[in-house]
Amino acid sequence: MKAFSIIGTTAAFIAAAEGAGNVGNPLATSDQAYLDALAIKINNAYGFPVLKAEAKAAYQLAHGSDISDEASSTLDAAIDELAFSAIQKAVNTDVYHPKVYWVDAGPRSWFGLDVPGGRYSYDNPDCIYRTIPIDSSLSYVVKGFRHTPGPADVTFSLISDPNSQTTVSYLGGSDLAVATDGSYTITINSSSADGQTNHIQSTSDAKQLLIRNNLGDWVSQKPDNITVEVVDDVSGQDPISNAAIASAAWWNLQESIATYGAGTLGLKTYLNAVNTLSTPSQSSTLGTLTSQASSFGHFNLSADQALVATVAPGASSYFVFPVTNPWTVSVDPGNNQVSLNNKQAVANANGTYTFVVSLQDPGVYNWISTGGLHEGTIMVRWQGLPTSSDSSNAVSVAVQVVPLSSLASVLPSGTRYVTAAERKAQLAQRAAGYSSRVEL
Ligand SMILES: *[C@@H]1O[C@H](CO)[C@@H](O)[C@H](O)[C@H]1NC(C)=O
Ligand SMILES: *[C@@H]1O[C@H](CO)[C@@H](O)[C@H](O)[C@H]1NC(C)=O
Ligand SMILES: *[C@@H]1O[C@H](CO)[C@@H](O)[C@H](O)[C@H]1NC(C)=O
Ligand SMILES: *[C@@H]1O[C@H](CO)[C@@H](O)[C@H](O)[C@H]1NC(C)=O
């Protein structure tokens with residue numbers, strides 16, 4: 001079965017993983033435990049110190065010269081997570097022995113493993129990102145099971161590169177046929193769909209299936225169960241070696257420096273004026289979806305200021321307003337209300353949503369905490385949008401900075417405020433939903 005032993009207790013944690021299935025966490029699979037352990041092993045064996053130094057320099061350059069001590073203090077951790085993400089992308093690249101791997105998540109302890117965070121480039125705290133390696137010479141069957149209630153948005157993107165994440169082929173949640181018992185089967189191979197539902201056509205460019213499950217209500221909504229099998233006979237294929245994985249990780253990190261340093265952090269984020277958000281735009285590169293519009297920005301607030309943002313959901317079925325640190329990594333999103341989506345937030349009378357971004361709790365239901373940071377980044381996302389270029393998505397976001405003391409005068413009439421007890425309950429629900437993702 002497993003080609004090489006990962007750590008001394010392989011059998012023990014595989015057994016733990018199999019036991020974990022009993023409590024019904026779709027993320028706590030034996031493949032997940034195996035790949036987490038392997039990623040840790042590669043991370044310990046190869047530190048990538050030279051590339052990490054290059055990544056750090058690229059992030060500093062993208063930010064601009066005025067880097068505060070506060071911003072500096074989180075940079076090394078962000079680069080460590082970037083490097084771990086490069087390894088996580090590499091451990092699940094064996095197209096003959098594909099697994100389903102949950103990536104781009106915060107640090108966690110499970111299966112007896114201390115798994116480092118692997119977050120990068122605006123990780124969305126709502127989103128469970130899972131990957132499956134794909135080669136167009138092979139035929140794959142992906143089986144899913146939709147819990148009730150399932151995710152707010154589900155997408156399957158076949159991408160040509162795990163770093164630039166350019167979409168080759170795409171199956172949106174609204175086009176996925178799910179049986180009444182919750183099950184679904186997706187085929188992936190080089191044949192055209194030919195009128196078949198749930199088929200994704202691969203091309204020679206295709207490298208990986210990137211599956212997004214966006215959870216609106218973190219407590220009730222569960223990610224889908226997902227498994228993968230190769231249809232062809234692959235019994236003659238040796239598993240990919242650790243040296244090949246390390247080499248792939250090296251390339252991923254190298255590419256990440258340009259893609260997420262100069263690209264996401266520089267061009268998309270810090271080129272905008274401070275305390276503004278870019279006009280939402282739809283594109284299919286840099287990890288965004290064809291059915292997604294995004295708006296980027298960075299903020300710099302004093303403790304007595306707030307950034308007030310009003311979002312129009314337009315034609316989207318799901319949107320999220322998340323704040324991240326200066327290096328686009330979420331700040332302890334289970335314990336801080338650093339994001340709210342359209343399910344978690346309350347709407348204005350006219351259907352827009354107004355958020356208050358601040359260090360201190362302003363007592364508003366739709367508070368987006370900066371996690372105590374004065375400076376950070378924002379990537380607002382709207383999903384489930386029409387993909388044809390001639391249709392209007394009608395999404396927008398407008399922002400202004402105001403002193404906290406005059407907040408009441410700029411908030412819409414009818415704004416919902418919370419008592420301390422209501423805030424406590426809101427945060428407790430968030431924490432419970434977040435921690436259920438790693439329950440064994
Ligand atoms: C979904 O996955 C969970 C966790 O592995 C498992 O307990 C459950 O039986 C699965 N359900 C289906 C229908 O496959
Ligand atoms: C943030 O704002 C403070 C106070 O206005 C200012 O001193 C500092 O230079 C700003 N930092 C950045 C990175 O713009
Ligand atoms: C691809 O999958 C479809 C659906 O199962 C099947 O009809 C077709 O023959 C497959 N093509 C290849 C090249 O395996
Ligand atoms: C909807 O209400 C918000 C909050 O009062 C306001 O900022 C926005 O301009 C309104 N939008 C429309 C289209 O009326």
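First listed ligand is number 1; within each ligand, the first listed atom is number 1.
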Presence of salt bridge, Asp153 and Arg212, under 4.0 angstrom: no
Lys52 with Asp80: basic N within carboxylate O range, under 4.0 Å: yes
Ring pair (Phe, Tyr, Trp, His ring centres under 6.0 Å) partner of Phe321, the single match among Trp367, Phe355, Tyr353: Phe355
Verify atom 2 (O) of ligand 2: protein non-hydrogen atom under 4.0 angstrom away: yes
Protein heavy-atom partner closest to [atom] - residue, atom, separation in Å:
{"atom": "atom 12 (C) of ligand 3", "value": "Asn189 ND2, 3.4 Å"}
{"atom": "atom 4 (C) of ligand 4", "value": "Pro412 CG, 3.4 Å"}
{"atom": "atom 9 (O) of ligand 3", "value": "Ser191 OG, 4.6 Å"}
{"atom": "atom 7 (O) of ligand 3", "value": "Gln196 NE2, 3.9 Å"}
{"atom": "atom 6 (C) of ligand 4", "value": "Asn350 ND2, 4.2 Å"}
{"atom": "atom 13 (C) of ligand 2", "value": "Asp66 O, 3.1 Å"}

Per-atom contacts of ligand 4 with Thr352, taking only distances under 4.0 Å to non-hydrogen atoms: 1 (C), 2 (O), 3 (C)
Proximal atoms of ligand 4 relative to Asn348 (non-hydrogen, under 4.0 Å): 4 (C)
Nitrogen or oxygen of Thr310 less than 3.5 angstrom from that of ligand 4: no
Non-hydrogen atoms of Pro151 and Asp224 that approach each other most closely: CD-OD1, 3.5 Å
Backbone or side-chain N or O of His199 under 3.5 Å from ligand 3 N or O: no
Contact check: Thr187 vs ligand 3, nitrogen or oxygen atoms, below 3.5 angstrom: no
If only atom types and distance count, is the side chain of [X] paired as donor or acceptor with the main-chain N or O of [Y] below 3.5 Å?
{"X": "Glu70", "Y": "His374", "value": "yes"}
{"X": "Asn341", "Y": "Gly216", "value": "yes"}
{"X": "Thr259", "Y": "Glu255", "value": "yes"}

Subset of ligand 2 atoms that lie under 4.0 Å from at least one heavy atom of Glu375: 13 (C)
His63 N/O under 3.5 Å from ligand 2 N/O: no
Whether Trp382 and Phe319 hold their rings parallel, tilted or perpendicular, with breakpoints at 30° and 60°: tilted
Nearest option to atom 10 (C) of ligand 2, as decided by whichever heavy atom of Asn275, Asn300, Val274, Ile67 sits closest: Asn300
Lys268 to Tyr122 six-membered ring, cation-pi geometry met (6.0 Å, 45°): no
Residue among Cys127, Ser330, Ser339, Pro333 satisfying side-chain contact (heavy atoms from CB on, under 4.5 Å) with Pro322: Ser339
